[in-house]
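Here's the structure we're looking at; comments come further down.
Proteins come first, then strands; the chains are lettered A, B, ... in the order of their sequence lines, and each starts at number 1.
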Amino acid sequence: MKDTLGVERPIIALENVEKYYGEYYALRGISAEIRQGEFFSLLGPSGCGKTTLLRTIAGFEELSGGRLTIDGKDMKRVPANVRPTNMVFQSYAIFPHLTVAENVGFGLRREPLSRDEKARKVAEALEMVGLRGYGARAAHALSGGQRQRVALARALILEPKVLLLDEPLSALDKKMREQMQTELRRLQRQVGITFILVTHDQEEALIMSDRIAVMFEGQIAQLDTPQQLYRRPNTRQVGEFIGVMNFLPATATVSDETHIEVEAAGLGRAVIAPDQLPGGWHPGQTQSVGIRPETMSILFPGETTDRRVAIGTVEDLSYYGDMTYYVVRLDGVDRPMTISMKNLVGRPVLDRGTEARVAWDARSLVLFA
Amino acid sequence: MKSLRLYAILYLIFLYAPIALLPIFAFNDGTVIAFPLKGFTLEWFKELLTIPALHAAVLNSLIIAVSSALIATCLGICAARAGTRFAFPGKKGILGLIMLPLVLPEIIVAVSLLVVLLQLGLPLGSWTVVLGHVLMCTPFSIAILNSAFQSLDVSLEEAAIDLGETRWSSFRLITLPLVMPGIISSLLIAFTISLDEFIIAFFLTGTNPTLPVYIWGQLRFPQKIPVIMALGTILVLASVILLAIAEYFRRRGVARTGQADAGGFL
Amino acid sequence: MIASETGSGAIPMIKLKINIKIKAWPRLGRSEAAQGYFLVAPPFLYALLLLAAPLAAIVLFSFWTQDYLTLDTTLTLKNYREALSDPLYGELLLRSLVISLAVTAATVLTAFPIAYFISFSVPPSRKSMWIFLITIPFWSSYLMRVFLWKVILGYNGVLNTTLTGLGIIDEPLSFILYNANAVVITLAHAYAPFAILPIYVALEKIDRSLLEASRDLGESRVMTFLRVTLPLAMPGVVAAVLIVFIPTIGDYVTPRLVGGPNGLMIANMIQTQFLKLNNAPMGAALAVLAMAMVTAVSLVFLFLNRRYLKGQK
């Protein structure tokens, strides 16, 4: 998708998009570019505006302000039925009075195709989602997973430029959900269409997406790849929402351009590299550092390390079989922190109340305002 | 729990006692409505065929009932869809006014319409009865259609629009077929209510009586009672058949949208 | 669906296509409230013109007077003064109220066990059959049903001839026809489904685990019913009471057919004023008084119920 100058053009561009209902702002100035062929997720807690944004792109909600372009065309006053997007609804919205084939072929009614061509396309679409031979079945007799596949086939048969998925996996049980996650990825690579997924499940977003926009209160808090989001969250809120993160009160001082010194409660002094800092950072605003549970480890008695070591007490633990999650209170810190340990052969599980020597690295610290 | 079951059965007997008498005396070979029975006869049914005034009343009632059912159902569709699909200020008050005849004594509706029609100098006739009956039937239509529209997932129509249909064609292709059972049962219920309604017809009818108004006139003559019994038997039978059809369509609608059956009308 | 733009020549074509779509379907962009008003307008206007306006007219009419065929449109309280001072009208209004209350009490009290039975004792698969059974008699001609009660309750009626025939009584019972008792029995029969259905719906909504929780916390069956089931069924009972009480006060057919001279109610007088005495304003005044009475009693009832529910918390 390149324009005449050969520059990569986003399939969807959002410029300061706003949506309000009376006094209530659902979207407050969203700007983002979604690339051709990527798997893009809108992630956030319920009420953050992610579904509103998706419905705005689909054309079910009108913009209150800003600009939305799809494939270079302004979507103002373009109704939902003529937009080059198709949607998989949260409830799947399978038409209960039609058969599976009639559902899948619903959008072909207005296409100038012969009856045979339509039947062939429907069969192909069913094949693609693994429902070959289901065409004649009544739609209301399908299971949850099958409904979802029908919804996918029905949306993809029109070869949209963008496929919109509104929490498509939330109604499925855990096993089914994991299976569909892999399958959705496979399908997306196969058809090469841009997918936009709305989800509140951070794990799902991390597994499936090329890029994720984390949204809070109608705004995008951070737009990044899964790895960047996990390793370098911009704000405490993002760090807390994605995975588990421990926070410790901290102050920072700049000694020179390349050495930033951080003093974190319970851990002590550490030198931070500039690439660990959030954008637009200045030393005075640092109030805390974040550290992920799996970047630390508890040394068993007698074990030595060349990493930094902090001292604390095991307050509680949860044994998961493959992992043990410790709740450790570092000396001189009020709030306990979580540390996860793989249960390797020969590594003992510590008891409550024992002293814990916590090994950590300055590289895994993230600074927050 | 056993005593409760016994009570329920006695209650059903109480409910069915009057209409159970209808066929008994309709086929009884005696002019007095009392036990013991005198013997079997079809004479009263045969006599029904020979009364032109009755035939005129039946025809008149049918025309009124069909018109009322059609208009009430159309109005009901509008109100039920507006009520279940859209939010707008004053909705409660507006729908409350439309549903008001459900709890208003019929005689109030009848006399208030009569006063206005007479003051406007409009002639009474079948059409004035239709005006009143539509008012009475619309709330019932709305009650039936509400449940049909409510069980409809909003995203079904959105899905159709998303797949390229317009608002109107998605209504026609998706919503209408799904609520059709509700529409049919609304038509049948409204038809039955209009056919049976007496007070409004009594006040608003012109020179051509409806069937209930005709029956009312006959109740004064004891010798006509057996014939009325025969007529009543036919009417009850017709009502039950219509009702069974309405119930069938309602259940089919429920099955079609794939939800659990929540029970009968209203 | 818009075709992908491949060259500059295609752009005007696409724009044209979009414009046509928008012109043909202007409603797609209309606000939700506007669509709601547009749809609700026909039934609303109908109710406004044929219900609200006539009701207003009745109120206006009740302040006019009529002498044979001449209508005097000066506003006056004469009709109301007459209605409230003439013992005939007062007695009719009071009797209507008492009969309606009796009908309501009888109907709701007898209906509750039935609703309870269907909701709690009947297996789920047969519930709709029971509801269907209960609604069938209601759909048969009201006029016929009332008349049949006359046949059952009459001096030489089915009940009396059967009872004397069986030797249970020597003389026909006379207290069951052409009086208020007959009116109460007949109306209780006519409004049975109206009372059963709302109570049944309320009972169905009760989460059964609440009852188990109450038993688990040490309450007996009876106390569980009184402390959990009954309060939760109250909205249904309230609906049943109102839906029976309001229309019965204006019933015309039943008092006329089975009430006799001492069982007549206000609706019969309204009809007489309108159609026989040609005194529409007096009839209108009586209708307004009847409506006012219904509203007042309903409000008192709703108020008491709210107090009761508050006391429960």
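If you measure heavy-atom distances from C/Ile196 to chain B, the contacts under 4.5 Å come from the side chain alone. With a 4.5 angstrom heavy-atom cutoff, B/Gln119 touches chain C only via side-chain atoms. Heavy atoms closer than 4.5 Å to chain B are found in the side chain of C/Ile270, but not in its backbone. With a 4.5 angstrom heavy-atom cutoff, C/Leu50 touches chain B via backbone and side-chain atoms both. For B/Ile225, the part lying under 4.5 angstrom from a heavy atom of chain C is the side chain only. In this structure, no portion of C/Ser298 lies under 4.5 Å from any heavy atom of chain B. With a threshold of 4.5 angstrom between heavy atoms, B/Leu114 approaches chain C through side-chain atoms but not through N, CA, C or O. At a 4.5 Å heavy-atom cutoff, the contact between B/Phe198 and chain C is made by side-chain atoms alone. Of the atoms belonging to C/Ile246, heavy atoms from both backbone and side chain fall under 4.5 Å from chain B. Contacts between C/Phe44 and chain B at a heavy-atom distance below 4.5 Å involve backbone atoms as well as side-chain atoms. For C/Leu257, the part lying under 4.5 angstrom from a heavy atom of chain B is the side chain only. Residue contact with chain B, scored on non-hydrogen atoms closer than 4.5 Å, involves the backbone and the side chain of C/Ile134 alike. Residue B/Ala244 touches chain C through both its backbone and its side chain, counting heavy-atom pairs closer than 4.5 Å. Heavy-atom distances place both the backbone and the side chain of C/Ala111 under 4.5 Å from chain B.
Formation of a donor-acceptor pair under 3.5 Å by the B/Glu197 side chain with backbone atoms of B/Ala201 is found in this model. Proximity of a side-chain donor or acceptor of C/Arg145 to a complementary backbone N or O of C/Phe138 within less than 3.5 Å is detected. Using modelled atom types, one side-chain atom of C/Asn268 and one backbone atom of C/Tyr252 make a donor-acceptor pair closer than 3.5 Å. Between the side chain of C/Thr107 and the main chain of C/Tyr191, no donor-acceptor pair closer than 3.5 Å is present.
Contact count versus chain B (heavy atoms, under 4.5 Å) is highest, among C/Ala33, C/Ala280, C/Gly36, for C/Gly36. Chain B forms the most heavy-atom pairs under 4.5 Å with one residue out of C/Leu275, C/Ile243, C/Val294, and that residue is C/Leu275. Ranking B/Pro212, B/Ala79, B/Ala87 against chain C, the residue ahead of the rest is B/Ala87, based on heavy-atom pairs under 4.5 Å. Between chain C and the residues B/Asp196, B/Ile199, B/Leu242, B/Leu22, the most heavy-atom pairs under 4.5 angstrom are made by B/Asp196. Chain B forms the most heavy-atom pairs under 4.5 Å with one residue out of C/Ala53, C/Pro113, C/Ala287, and that residue is C/Pro113. Between chain C and the residues B/Leu135, B/Val236, B/Leu235, the most heavy-atom pairs under 4.5 angstrom are made by B/Leu135. Among C/Phe245, C/Phe274, C/Tyr142, C/Trp130, the residue with the largest count of heavy-atom pairs under 4.5 Å with chain B is C/Phe274. Counting heavy-atom pairs under 4.5 Å between each of C/Leu133, C/Ile114, C/Val59, C/Ile58 and chain B puts C/Ile114 at the top. Most heavy-atom pairs under 4.5 Å with chain B: of the set C/Ala190, C/Pro198, C/Gly250, C/Pro137, this distinction falls to C/Pro137.
Atoms CG and CG, from C/Leu55 and C/Leu60 in turn, are 12.5 Å apart once rounded to the nearest 0.5 Å. Distance check: B/Leu131 CG to B/Leu117 CG gives 6.5 Å after rounding to the nearest 0.5 Å.
Between C/Trp149 and B/Phe14, the two ring planes are tilted [angle within 30° to 60°]. Using the six-membered ring where Trp is involved, C/Trp64 and C/Phe61 have ring planes that are tilted, between 30° and 60° apart.
Looking at B/Ile215, B/Val213, B/Leu211 one by one, the single match for side-chain contact (heavy atoms from CB on, under 4.5 Å) with C/Leu143 turns out to be B/Ile215.
A salt bridge links C/Lys127 with C/Glu204; the closest basic N to acidic carboxylate O contact falls under 4.0 Å.
Summarising the geometry of C/Ser100 relative to C/Met265, their closest heavy-atom pair is OG-CE, 4.3 Å, with the distance given to 0.1 Å.
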Check against salt bridge (charged side-chain N to carboxylate O under 4.0 Å, His left out), B/Arg85 and B/Glu158: CA-CA 12 Å; B/Arg85 181 78 165 75; B/Glu158 283 183 350; 5.2 Å; no

Name the atoms and distances for all side-chain donor-acceptor pairs under 3.5 Å in residues 88-113 of chain B, with sequence neighbours left out.
{"residue": "B/Lys91", "atom": "NZ", "partner": "B/Gly83", "partner atom": "O", "Å": "2.7"}
{"residue": "B/Lys91", "atom": "NZ", "partner": "B/Phe86", "partner atom": "O", "Å": "2.9"}
{"residue": "B/Ser112", "atom": "OG", "partner": "B/Ile108", "partner atom": "O", "Å": "2.8"}
{"residue": "B/Ser112", "atom": "OG", "partner": "B/Val109", "partner atom": "O", "Å": "3.0"}

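Side-chain polar atoms of C/Thr248 and C/Asp251 form no donor-acceptor pair below 3.5 angstrom.
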